[in-house]
Amino acid sequence: MTSAQSPRHKHIVLTSHPAQFGSQPHPVQWGNPNPQERGPIIATLGNLAHRNAIGTHSGGYAVYRALAIASGSLKRDHQADLTDTSPTVSIGPHPSWGDPTKIVALDPFGALDNHLFADLRAEGYDIRPSIAITKAHINIPELQDAVAQGRLKVDGKILKENGELVVTKAAIEPVWHLPGIAKRFGVEESDLRRTLFEQTGGMFPELVTRPDLEVFLPPIGGHTVYILGEIEAITDPDKPLAVRIHDECNGSDVFGSDICTCRPYLVHGIEVAIQTAQVGGAGVIIYARKEGRALGEVTKFLVYNARKRQEGGDRADTYFTRTECVAGVPDMRFQEIMPDVMHWLGITRIDQFVSMSNMKYDAVTKSGIEIVERITIPEELIPADAMVEINAKKAAGYYTEGEVPDETVLEKTIGRQYEDA
């Protein structure tokens, strides 16, 4: 009989019961610059009395883990063997790690190797990383075109002859400090907790029953960071830094859909990052899992249908309206917590910010990071069908160095219809 089928697991213990976390969970002093004094984030499920956080690691995949346990293919009490899993490069600590106002949506100490908290680990505490850092070679076909057209040069170190790009990359799981999140959004923590509880269908009752637990691992996607050039250049005031913060768009990023500028803008950001790294600086690409403006891909595709089928065709003047009709709001990305990743990297100044979004620009600068120059996507990289999106964004106030489309231009900007696809 597997542990997943063991009789001792037949009864249900509600997570709101204090015994699930122990009467006095290991304290977390969020914002303390000393990791030992700050304390570990313990969200594993092996020993429930050890837990001091709401939720669980890889929360977005918890259902798959449940299937593996229920089917008997994964032991319920499995502990990860973290031998040789430590980061390939060192990032931090930075002063921002000790500022509770700078980082509230991730654990800055989440990438430190498994020797941290060794005393607690020896006592049986299952403490797992929420950040992993590795190295890779990636190959993006458009970069070879950029080389052929003279926009990029092969240097043999960052960009190889075969088109491979050498990067350091980090995967980051979300770890929310609820008091800090509430303060960042200007809401009462009790209201935030109650709304999270309600809008997740009551999945996490301890949000409203355990106010002593201040850390929450939400069941959403996190970030992947791609770094080009030397890590040290990111924080060197004498070296240039280029940054592209890119919100996920599976249809364009992966499959090349031409209804939006997402993949072209992502590739353009990578080009700028390469150029900056090649002159001795660093380039950073931050990829955020916020599919469809954090509305989800189903909602996004419904909006596509509404746009293409509306009377008068897919027009720039109704671009945001059609999204709001389906979703209730034009955008739910709320960039307030986005700069936390940059603060984890120790960024204090961005020389080239590859983004037209004022929401992103305002969030970054409000967090205390200086932006010297904003970089827009070149006109020649915009797919024809995506002119609906780009003109609508310019008219809505997105940053542009060119002319802002007036109502006449918006009405005449019409995308391809389904019958012509």
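- With respect to the salt-bridge test (charged N to carboxylate O, under 4.0 angstrom), the residues E271 and R151 qualify.
- D351 places a side-chain N or O within 3.5 Å of a backbone atom of L241 that can act as its donor or acceptor partner.
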| field | Step-by-step salt bridge (charged side-chain N to carboxylate O under 4.0 Å, His left out) determination, K153 to E161 | value | CA-CA 9 Å; K153 294 182 179 179; E161 287 285 353; over 6 Å; no
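- Scanning for salt bridge (Lys or Arg N to Asp or Glu O under 4.0 Å) contacts around R184 gives D340, with sequence neighbours left out.
- Taking both residues in full, the closest heavy atoms of E173 and L106 are given as O-CB, 4.3 Å, listed atom of the first, atom of the second, then distance.
- If you run side chain to side chain contact (heavy atoms under 4.5 Å, CB included) between L45 and each of T56, I69, D126, only T56 comes through.
- Two residues are said to be in side-chain contact when any heavy atoms from C-beta on lie closer than 4.5 Å; I371 and V243 fail this criterion.
- In summary, the side chains of H94 and T235 do not present any donor paired with an acceptor at a separation below 3.5 Å, with no hydrogens or angles considered.
- The shortest distance between side-chain heavy atoms of I158 and V166 does not fall below 4.5 Å.
- A cation-pi arrangement is found for R244 relative to Y265, the charged atom lying closer than 6.0 Å to the ring centre and inside a 45° cone about the ring normal.
- When all heavy atoms of L228 and A273 are compared, the pair lying nearest together is CD1-CB, 4.1 Å.
- The aromatic rings of Y61 and Y64 sit tilted, their planes meeting at an angle between 30° and 60°.
- Here CD1 of I285 is found 9.5 Å from CD1 of I245. Values are rounded to the nearest 0.5 Å.
- For the pair R51 (side chain) and A53 (backbone), a donor-acceptor distance under 3.5 Å is present.
- Listed here is the closest heavy atom pair of P205 and M203: CD-O, 3.4 Å.
- Side chains of S90 and I231 form no contact here, defined as non-hydrogen atoms less than 4.5 Å apart.
- Between R322 and E311 there is no salt bridge, since no side-chain nitrogen of the basic residue lies less than 4.0 Å from a carboxylate oxygen of the acidic one.
- Using a distance-only test at 3.5 Å, with no hydrogens or angles considered, no donor-acceptor pair links the side chain of K169 to the main chain of T224.
- No donor-acceptor pair under 3.5 Å is formed between the side chain of E336 and the backbone N or O of A363.
- Listed for the R263 side chain is a donor-acceptor partner under 3.5 Å among the backbone atoms of D253.
- Electrostatic pairing of K75 and D77 does not count as a salt bridge here, judged by no charged N lying under 4.0 Å from a carboxylate O.
- A distance-only check finds no donor-acceptor pair linking the side chain of T299 to the backbone of G296 [under 3.5 Å].
- Although no hydrogens or angles enter the test, the distance criterion places no donor-acceptor pair under 3.5 Å between the side chain of K308 and the main chain of Y304.
- For the pair E230 and K239, the salt-bridge criterion is not met [side-chain N within less than 4.0 Å of a carboxylate O].
- Note on ring orientation: taking the six-membered ring where Trp is involved, the planes of Y125 and H26 are perpendicular (angle over 60°, cut-offs 30° and 60°).
- Checked against I42 for a side chain to side chain contact (heavy atoms under 4.5 Å, CB included), the options H57, H50, R128 give a single hit: H50.
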| request: Using the side-chain hydrogen bond (donor to acceptor under 3.5 Å, both in side chains) rule, take H343 and D99 through it: C-alpha gap first, then chi angles, then the decisive distance, then the call. | output: CA-CA 10 Å; H343 289 296; D99 185 339; over 6 Å; no
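- Panel note: side chain W97, backbone W344; a donor-acceptor pair is recorded below 3.5 Å.
- E370 and T348 share no donor-acceptor pair across their side chains, judged by distance under 3.5 Å alone.
- Between Y287 and L266, the shortest heavy-atom contact is CE1-CD2, 4.2 Å.
- At a cut-off of 3.5 Å, with distance as the only test, a side-chain donor of Q278 or D155 sits close to an acceptor on the other residue.
- Each of N358, D362, D247 was checked for a side chain to side chain contact (heavy atoms under 4.5 Å, CB included) with Q335, and the lone residue meeting it is D247.
- Neither side chain, S355 nor S357, offers a donor N or O lying under 3.5 Å from an acceptor on the other.
- Looking only at distances, a side-chain donor or acceptor of S367 sits under 3.5 Å from a matching main-chain atom of V364.
- For the atom pair CD1 of I382 and OG1 of T261, the computed distance is 6.5 Å after rounding to the nearest 0.5 Å.
- Closest heavy-atom contact between V388 and Y319: CG1-CD1, 4.1 Å.
- Here F204 and F216 bring their ring centres to under 6.0 angstrom of each other.
- The aromatic rings of F353 and Y361 lie tilted to each other, with the angle between the two planes from 30° to 60°.
- The backbone N or O of A68 sits less than 3.5 Å from a side-chain atom of S73, completing a donor-acceptor pair.
- Between D107 and R38 a salt bridge is recorded (basic side-chain N to carboxylate O distance below 4.0 Å).
- Shown here for P35 and F117, the closest heavy-atom pair between the two residues is O-CE2, 3.2 Å.
- When the salt bridge (Lys or Arg N to Asp or Glu O under 4.0 Å) test is applied to R307, the partners found at least two apart in sequence or on another chain are D314.
- Separation of atoms NE2 (H268) and NE2 (H246) is listed at 13.0 Å; rounding is to 0.5 Å.
- The shortest side-chain heavy-atom distance between N139 and L165 does not fall under the 4.5 Å cut-off.
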